[in-house]
Asker: 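Got a structure for you, questions after.
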There are 2 protein chains.
Amino acid sequence: MGTSFGAPSARCRECQSCPLVSDCFPGSLEAGNLHELDGLIEHTAPVHTGSFLFRQGDPFQYISVIRLGTVKTYSIDREGREQTLGFHMPGDILGLSAIDEERHPCNAIALDTVTTCRLPFRVAASLSARMPQLQAKLFRLLSRDIARATQLSCNNSADERLAAFLIGMADRMAARGYSASRWQLTMSRMDIASYLRLAPETLSRLLRRFQAEGLVALDGREVEVRGRERLQAMAAAEADLDQVRREAA
Amino acid sequence: MGTSFGAPSARCRECQSCPLVSDCFPGSLEAGNLHELDGLIEHTAPVHTGSFLFRQGDPFQYISVIRLGTVKTYSIDREGREQTLGFHMPGDILGLSAIDEERHPCNAIALDTVTTCRLPFRVAASLSARMPQLQAKLFRLLSRDIARATQLSCNNSADERLAAFLIGMADRMAARGYSASRWQLTMSRMDIASYLRLAPETLSRLLRRFQAEGLVALDGREVEVRGRERLQAMAAAEADLDQVRREAA
DNA sequence: CGGAAAGTTGAGTGGGATCAAGCCGCGTGG
DNA sequence: CCACGCGGCTTGATCCCACTCAACTTTCCG
């Protein structure tokens, strides 16, 4: 009954590197829990560019974590207009908006080769009753998505939204160990335009102006952030909670 | 040890009518659970028009259910622009967007006299580990808010957004036992305009046109929906999941 | 009452959409 | 090798929806 120090199996090690596990049990995963999760988390085969991870209306089963690649979520209204809802990178969780209706309210499509690991939501729910850290993690993830979606719905100018997008991408790249100042976009201009609620033409002109103003340097899908400070200043109009707090004090 | 049939205390009866409880345990609340919740759920004193339930940056403690009245949530960017995020009515839950950061990302202000009942989130979390129905309810509520915020962020025309707002209000009134075709707005034109990402002047003109077209009849804050069908058709452009499903089939 | 805030109306402007070409990279096939 | 077509992207011209500014009216409250 004492703590066992047996080496974890290959699959267990895989799970330990899986964000769903490592984020929830930072450095403190017990062997018992690990083995339990090992049998439950499924590591999916690669999904190739243009293939769907799920589609609007699909029954909801799994919450997934992206291990590799980029995913775009979007919805289509009945007039055929496509609205990009988000871009998701390794470590991001997919599917949380489907819990309530038990159907996915949007499409998720691979922008490049994507691998995920996933866990049936029912399992996650019942596990989280026994694992407070997992439960807390799920609540926080859900809550964060609310705050994010809310932010996105704000009525800022095209400039502000684009600046926020660029800074957001830079930060997310940095959080994943890449350069914050230079990277490759995985999504098309049209996707970005739709995400920012702009016509593709408008985005093109905006990017051109940003480039002329020395804020960014663009070469196709390669982005170099040159005016981080200024971009941040433009984007921060969105919601700088720290500042709000200071001013309220 | 057998099932007790003792009459519940006054406070327990109060709790049974509280949405946080009745929604989670529809007709099947055990006496033990009831008494337990009784001591945990706090019924707050009335909050009067213009007073805050919480403010942007406040530390997060409670999830609250509105028992009576209407609440507006909004955020303010550093240029002083106010963005209305939502209107919340009896039965709605407040505070879920604050879980992640442990601070409220927005303000919540009473539009009329508001009473709530509330539960420390920590308590709700630990209770939900033992009460699967409560946990499921919380997950669904969080998920629903993601889907709702996402919807709001879509780039529809002013007409579509206004129609969606009117239909949404009608449905929510109906769900609470009021008339779906005639009711009283509790929020100002400015609040609605901000919510719909419109200038107050634009909203005024839109309402005028809707009235001229026989879609609604307005008298100050009194609204009568006359063209439910047409409004619904305009609003449905947003996201008619059922239709998407039919078309995908 | 009177003052302030909310709401409406009008005139003019502008940001972003739309329409229409054109450009460019790329895969395909002759 | 080029011709071709296609989709992604850009550029230009024009349009229109919603914003802004300003004046006025109404409502609310002290």
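Every heavy atom of this structure was used, including side-chain atoms; hydrogens, water molecules and symmetry mates were not.
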Asker: Which residues satisfy the ring pair (Phe, Tyr, Trp, His ring centres under 6.0 Å) test with A:Phe60, sequence neighbours excluded?
Answerer: A:His104, A:Phe121
Asker: Is any side-chain heavy atom of B:Lys72 less than 4.5 Å from a side-chain heavy atom of B:Met187?
Answerer: no
Asker: With distance as the sole criterion, is a donor-acceptor pair present between the side chains of A:Ser153 and B:Ser153 under 3.5 Å?
Answerer: no
Asker: Please report the distance, rounded to the nearest Å, between CZ in A:Arg208 and P in C:dG16.
Answerer: 18 Å
Asker: Sorted by first residue and then second, give each side-chain hydrogen bond (donor to acceptor under 3.5 Å, both in side chains) pair with at least one member in residues 45-54 of chain B; sequence neighbours left out.
Answerer: none
Asker: Run the side chain to side chain donor-acceptor pair (under 3.5 Å) test against B:Ser188 and tell me which residues pass, sequence neighbours left out.
Answerer: B:Asp191
Asker: Using five base pairs at each end to define the local axes, how bent is the helix from C:dC1-D:dG30 to C:dG30-D:dC1, to the nearest 10°?
Answerer: 30°
Asker: If you walk 5' to 3' along DNA chain D, what is the first nucleotide with an atom under 4.0 Å of a heavy atom in chain A, and what is the last?
Answerer: D:dC9 to D:dA13
Asker: Could you list the protein-to-nucleotides 21-28 of chain C atom pairs, N/O on both sides, closer than 3.5 Å?
Answerer:
none

Asker: Tell me, please, which residues at least two apart from B:Glu102 pass salt bridge (charged side-chain N to carboxylate O under 4.0 Å, His left out).
Answerer: none
Asker: What residues, two or more places apart in sequence or in another chain, satisfy salt bridge (charged side-chain N to carboxylate O under 4.0 Å, His left out) together with B:Asp112?
Answerer: none
Asker: Who pairs with B:Asp100 by side chain to side chain donor-acceptor pair (under 3.5 Å), at least two apart in sequence or on another chain?
Answerer: A:Arg144
Asker: At a heavy-atom distance below 4.0 Å, what parts of residues 194-204 of chain B sit against DNA chain C?
Answerer: B:Glu201, B:Ser204
Asker: Atom CD1 of B:Ile192 and atom C1' of C:dA6: how far apart are they, to the nearest Å?
Answerer: 12 Å
Asker: At 4.0 Å (heavy atoms only), tell me whether B:Arg205 reaches a base, stays on the sugar-phosphate, or touches nothing.
Answerer: base
Asker: Under a 4.0 Å threshold between the charged nitrogen and the carboxylate oxygen, would A:Glu42 count as salt-bridged to A:Arg67?
Answerer: no
Asker: Taking atom types as modelled and ignoring hydrogens, do the side chains of B:Thr116 and B:Thr44 form a donor-acceptor contact shorter than 3.5 angstrom?
Answerer: yes
Asker: Without decimals, in angstroms, what is the distance between A:Asp159 CG and C:dG15 C1'?
Answerer: 10 Å
Asker: So, for A:Ala158 and A:Leu206, which heavy atoms are closest and what is the spacing to 0.1 Å?
Answerer: CB-CD1, 3.6 Å
Asker: Determine which pairs satisfy ring-ring contact (aromatic ring centres under 6.0 Å, His included) with at least one residue from residues 63-97 of chain B, sequence neighbours left out, and list them in order.
Answerer: B:Phe87-B:Tyr195
Asker: Between A:Arg209 and B:Asp191, just flag the one whose closest nucleotide in DNA chain C comes earlier from the 5' side.
Answerer: B:Asp191
Asker: So, is B:Arg189 close to the C:dT8 phosphate, meaning a side-chain N or O under 4.0 Å from OP1 or OP2?
Answerer: yes
Asker: Under the salt bridge (charged side-chain N to carboxylate O under 4.0 Å, His left out) test, which residues partner B:Asp92, sequence neighbours left out?
Answerer: B:Arg172, B:Arg176
Asker: Send over the distance from B:Leu207 CG to C:dA6 P, rounded to a whole Å.
Answerer: 17 Å
